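For reference, the structure discussed in these notes is given below.
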Number of protein chains: 2
Amino acid sequence: MPESGARSRNGGGTTTSGARRTELLAIAARLFADKGFRNTTVRDIADAAGIQSGSLYHHFDSKESMVDEILSVFQTELFARYEEILGSDDDARSKLERAFRVSFEAIENNPAEVAIFQNEADYLGTFPRFGYLADRNAQSRQVWVTLLEEGVATGMLRDDLDVTLTYRFIRDTVWVAVRWYRPGGGLTHTDVADQYVRILLDGIAK
Amino acid sequence: MPESGARSRNGGGTTTSGARRTELLAIAARLFADKGFRNTTVRDIADAAGIQSGSLYHHFDSKESMVDEILSVFQTELFARYEEILGSDDDARSKLERAFRVSFEAIENNPAEVAIFQNEADYLGTFPRFGYLADRNAQSRQVWVTLLEEGVATGMLRDDLDVTLTYRFIRDTVWVAVRWYRPGGGLTHTDVADQYVRILLDGIAK
DNA sequence: TAGCCTACCAAGCAAATGCTTGGTAGGCAG
DNA sequence: CTGCCTACCAAGCATTTGCTTGGTAGGCTA
């Protein structure tokens with residue numbers, strides 16, 4: 001019984017596109033971000049969407065494939081931006097600042113995706129299916145380390161900088177902000193990026 | 001049937017002291033830190049301890065009371081140190097540095113407890129029993145904000161500093177290090193504290 | 001109007017979960 | 001020797017979990 005020409009169905013019988021699908025993914029992303037992946041049940045997602053839990057399996061193979069799609073789509077977009085910065089011919093300082101801004105933009109526009117990656121990457125990474133998470137991690141490291149080394153080489157950053165430690169410092173500082181930053185609050189993501197760049201580059205001492 | 005003079009039993013029949021108890025708490029803390037509280041089952045804990053899951057209930061009322069004891073004991077110790085610093089008559093810079101050092105010491109000596117607090121405080125805080133977590137959070141904020149304001153007042157820190165944002169910056173940066181810092185690796189907690197203080201105070205620019 | 005499509009429901013299953021119950025074994029004090 | 005203590009086991013219970021199954025209803029298209 002081979003599949004005929006259905007354009008939005010795969011072999012397993014679940015859909016691979018459609019507005020409702022996208023909507024369900026957004027609902028799931030929010031819950032995964034708020035309660036954690038393992039602690040969000042398919043019934044939680046279904047309730048939030050106003051349908052029965054079984055109906056989710058019309059759209060998706062499994063709960064796992066939902067996070068998978070959420071994370072991979074987001075990361076593809078984010079890393080395209082990083083690569084664009086790396087390839088540009090701005091000076092080292094501008095590149096660093098733009099990397100900060102792109103990151104805080106992601107927190108502004110995709111807080112759920114950022115939170116899920118922060119909280120669940122370690123766990124999900126233990127499954128072969130999510131091997132790309134480790135690759136993205138390495139890629140992110142490569143981006144920041146390259147920018148920092150360029151900064152040191154051009155004399156913009158301190159010569160005695162421990163680039164690896166500084167990378168971790170920046171990575172942690174930037175992404176953890178997703179825990180408290182709320183779009184529409186008193187601070188815009190641009191404000192935060194500006195202040196964080198300033199603290200990082202110049203410090204808080206007089 | 002009133003309780004007679006048993007010294008290490010409470011009304012419910014569970015123990016309140018003992019070496020085995022402490023051991024079980026340490027095992028549970030490790031698992032809670034690694035897999036999260038909700039994703040650690042009582043059978044996980046029992047397996048790691050080499051006993052049956054039911055046997056845990058000889059020592060503890062519930063899984064919840066295990067985290068409770070883990071967190072409250074740890075925080076009592078940690079905050080005693082912060083208060084000692086606040087009350088000392090060091091200058092503002094020394095106090096800030098000492099607060100950093102105390103924090104990284106906690107990461108060195110109690111990584112599991114730090115990780116649990118970082119990851120589960122939001123969730124646990126929704127239960128009345130864990131109301132003290134929010135209090136500790138406010139107390140921590142008070143400590144750092146006081147130190148920062150003292151720094152600004154004495155002319156050690158920039159006048160234009162956004163103290164609240166800086167507090168969040170420091171808090172996030174320090175505690176998130178528990179995710180990658182491993183005791184016994186190339187860096188000691190003192191190394192990390194030194195470098196982080198340096199970056200924070202003086203920045204990474206030349 | 002026949003045929004296939006999307007989107008869902010209602011019911012249920014096997015496994016895993018936190019916790020309870022009744023009981024056992026060894027040790028130490030009087 | 002008696003009695004109470006600590007530390008555990010074996011079995012099971014009610015609930016929750018991810019996922020499956022068989023079916024329905026409305027819409028689009030040839």
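As the structure is a computational prediction, the values presented were derived from the model and not from experiment. Residue numbers begin at 1 in each chain, while the letters A, B, ... track the order of the sequences.
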Integer-rounded Å distance: [N] [atom2] and [X] [atom1]:
X     : N      : atom1 : atom2 : value
B:R21 : D:dA7  : CZ    : C1'   : 13 Å
A:K63 : C:dA16 : NZ    : P     : 15 Å
A:I45 : D:dT17 : CD1   : P     : 12 Å
A:R20 : C:dA7  : CZ    : P     : 9 Å
B:F60 : C:dC19 : CZ    : P     : 13 Å
B:K35 : C:dA16 : NZ    : P     : 12 Å
B:D44 : C:dT17 : CG    : P     : 7 Å
A:E64 : D:dT17 : CD    : P     : 17 Å

Quiz item: At what angle, to 10 degrees, do the two end axes of the helix from C:dT1-D:dA30 to C:dG30-D:dC1 meet, given five pairs define each axis?
Solution: 0°

Quiz item: So does B:H59 get a side-chain nitrogen or oxygen closer than 4.0 Å to the phosphate oxygens (OP1/OP2) of D:dT6?
Solution: no

Self-check item: Short side-chain N/O contact from A:R38 to OP1 or OP2 of D:dG18, under 4.0 Å
Solution: no

Quiz prompt | Ion pair B:R98/B:D90, N-O distance below 4.0 Å | solution = yes

Self-check item: Check ion pair A:R81-A:E84 (N to O, under 4.0 angstrom)
Solution: no

Quiz item: What class does the angle between the rings of B:F130 and B:Y132 fall in, given that below 30° is parallel, 30 to 60° is tilted and above 60° is perpendicular?
Solution: tilted

Quiz item: With a 4.0 Å cut-off on heavy atoms, is A:R43 in touch with a base, just the backbone sugar-phosphate, or nothing at all?
Solution: base

Compare the minimum distances between each of [options] and the side chain of [X], then state the nucleotide with the smallest one.
X     : options                : value
A:Y57 : D:dC19, C:dC19, D:dT17 : D:dC19
B:H58 : D:dG18, D:dC8, C:dG18  : D:dC8
B:T41 : C:dC8, D:dC8, C:dT17   : C:dT17

Quiz prompt | DNA chain D contacts among residues 46-56 of chain B, heavy-atom distance under 4.0 Å | solution = B:G50, B:I51, B:Q52, B:S55

Practice problem: Go through the structure and list residues passing side chain to side chain contact (heavy atoms under 4.5 Å, CB included) with A:R129, not counting sequence neighbours. | Solution: A:S62, A:E64, A:S65, A:D68

Quiz item: Under 6.0 Å between ring centres, would you say that holds for A:F100 and A:W144?
Solution: yes

Quiz item: Is the A:Y196-A:F104 ring centre distance short of 6.0 angstrom?
Solution: yes

Self-check item: Side-chain donor-acceptor pair present, A:R198, A:Q195, cut-off under 3.5 Å
Solution: no

Quiz item: If we ignore angles and hydrogens, is there a donor and acceptor under 3.5 Å between the side chains of B:S140 and B:N137?
Solution: no

Practice problem: Test salt bridge (Lys or Arg N to Asp or Glu O under 4.0 Å) on B:E105 and B:R101 and set out the steps. | Solution: CA-CA 6 Å; B:E105 258 173 49; B:R101 256 175 261 287; over 6 Å; no

